[in-house]
Amino acid sequence: MTQPISAPSLGAAGSRSTRDWQAADAAHFLHPFTDFKSLASKGSRVITSAQNIYLTDSEGHHILDAMSGLWCVNVGYGQQALVDAAARQMQQLPFYNSFFQTTTTPAIELAELLARVTPPQFKHVFFSGSGSEGNDTVVRMVRRYWDLKGQPERQVIISRHNAYHGSTMAGASLGGMAGMHAQGGLPIPGIVHIEQPYWWAHGRPQGLTREAFGLVAAKWLEDKILELGPEKVAAFIGEPVQGAGGVIIPPSTYWPEVQRICDRYGILLVSDEVICGFGRTGRWFGCETQGFKPDLMTFAKGVTSGYVPLGGVMVGDRVARTLIEEGGEFTHGYTYSGHPVACAVGVANIRLIQQLGLVEHVHDDVGPYLAAQFESLKSHPLIGDAETCGLMGALLLVKDKAKGTPFPDEIEIGMVCRGHCFGNGLIMRAVGDRMIIAPPLVITRAQIDEMMALIRTCLDRTLADAQKNGWLA
Ligand SMILES: *Cc1c(COP(=O)(O)O)cnc(C)c1O
């Protein structure tokens, strides 16, 4: 009974054929955000290893990962310092909880380090296992705050259409994805949405400059607050730059005006930094790049560069003081809140970002370099707009460049382009007609050149398809 079971030939990709892996994958693994039947018929791509900014699949293909996994591998793949931190911590103490008057040293160290790298109003952190859980914590925490403030009627949280805040009940409710709200009885009560600050879709057709549109979009928040009654509104939540929605970079006027409106009505401001945090935008946090001062900040992804799961909420002084001084027990938490292995990797990751100077690298060097490269793509016949913020970038594919006419819905131009990307060894994501990138922060100028050459090839092949099929104006 206690005999060790000899492992079957699982593990090394070489021991089983790609077809074999794909068959087992289709038979047992339900993938996130996936049409199961369609994937089973096509077969998954099996990724077997990675180094720096490159992936290798089970067929030996070399792929440039311009999406950092899922916006998370900020320090790139294969960083030994993170591997060592995890191994050391697993040997010393793989797990202990932080519920019953106990704590672990990596969780303390990470909390201390986070207080140092986040804006000055943040001295406290609540850990979760993911960004979605972090946003569940936000919902519980802001409502608890207003209860303690003697304003329990302040329940409503305002978010935005096309926002992404995760996939739990609260995360998906805060998010503004119509397809997600259509399944599972969402959004939950007390969450409402305003329009996103997407100039191309909502400002340009009105003939507004970006800056003028930023103020109009912020005013939608004030209108919604007044419609609901300010005494009912608990918080506003937004990503500094909307990521999964298609890298929607707001005009520079937007966030400072949102801040002014939240201040005016005493409403808590929550920055979802799950993508923008840890250097992505060229500052440590997206709110610093966009010029606002949130009360709470959700983080995940880049905190460990995705090497292990970890998330949390930075709690600003205004909320922390109330929860600590007046709150009594906060009846909320996760088994893995402050997981020692995840926190040890988080500490190693933040130290590595500091040692390599990655935030400065993005701000002073590769961020501006990428921006210039994207600018040069604006002359391409398919490109209606090209924008970047730090190392996030979006290319809008249009049918008629002169008029800015979009492709009709039935032509899935983004998927066509994405197909060419996969075919040419490049991971770039399609969100509708927007092709988006968020490469690892360790990317060099030479690697950006290599990525741009691939992007140009993929755009040219997409253009050739469009010409051949008569999709253009
Ligand atoms: C990915 C993401 C989340 C959800 O994080 P998970 O770790 O997948 O739960 C939340 N907010 C934003 C902005 C994200 O990009």
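Both counts, for ligands and for their atoms, begin at 1 and track the order of listing. Since the model is a prediction, treat every value here as computed from it, not as a measurement.
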Fill in the blank from the handout: closest protein heavy atom to atom 6 (P) of ligand 1 is Gly131 N, 3.5 Å
Problem - Verdict with reasoning, His31 to Phe33, per ring-ring contact (aromatic ring centres under 6.0 Å, His included) - result: CA-CA 7 Å; His31 292 226; Phe33 287 96; over 10 Å; no
Exercise for the section: Taking only heavy atoms of Ile275 into account, list the atoms of ligand 1 that are under 4.0 Å away from them. Expected result: 15 (O)
Exercise for the section: Classify the angle between the aromatic ring planes of Trp220 and His202 as parallel (below 30°), tilted (30 to 60°) or perpendicular (above 60°). Expected result: perpendicular
Exercise for the section: Measure up the Phe330 and His332 rings against each other and bin them: parallel (under 30°), tilted (30 to 60°), perpendicular (over 60°). Expected result: tilted
Completion exercise
Numbered in order shown, the ligand 1 atoms found under 4.0 Å of a heavy atom of Glu239 are 13 (C)
Exercise for the section: For ligand 1, find out whether one of its N or O atoms is nearer than 3.5 Å to an N or O atom of His165. Expected result: no
Exercise for the section: Give a yes or no on whether Asp35 atom CG has more than 12 heavy-atom contacts from other residues, nucleotides or ligands under 6.0 Å away. Expected result: yes
Completion exercise
Logged contact type for Tyr164 with ligand 1, heavy-atom cut-off 4.0 Å, is both
Exercise for the section: Quick one: do Arg140 and Asp136 satisfy salt bridge (charged side-chain N to carboxylate O under 4.0 Å, His left out)? Show the steps, please. Expected result: CA-CA 6 Å; Arg140 297 281 308 274; Asp136 276 52; over 6 Å; no
Practice task
Please report which non-hydrogen protein atom sits nearest to atom 9 (O) of ligand 1, along with the residue it belongs to and the distance in Å to one decimal place.
Solution key: Ser132 OG, 2.5 Å
Practice task
Answer with side chain, backbone, both or neither: which part of Lys301 has a heavy atom less than 4.0 angstrom from an atom of ligand 1?
Solution key: side chain
Handout entry: Enumerated ligand 1 atoms positioned under 4.0 Å from heavy atoms of Asp272
Key = 10 (C), 11 (N), 12 (C), 13 (C)
Problem - ligand 1 N/O within reach of Val274 N/O, cut-off under 3.5 Å - result: no
Completion exercise
Ser130 heavy atoms within 4.0 Å reach ligand 1 at atoms 7 (O), 9 (O)
Practice task
Show the numbers, then the answer: is there a side chain to side chain contact (heavy atoms under 4.5 Å, CB included) between Leu268 and Tyr145?
Solution key: CA-CA 10 Å; Leu268 293 172; Tyr145 169 81; 3.6 Å; yes
Practice task
Classify the angle between the aromatic ring planes of Phe278 and Phe299 as parallel (below 30°), tilted (30 to 60°) or perpendicular (above 60°).
Solution key: perpendicular
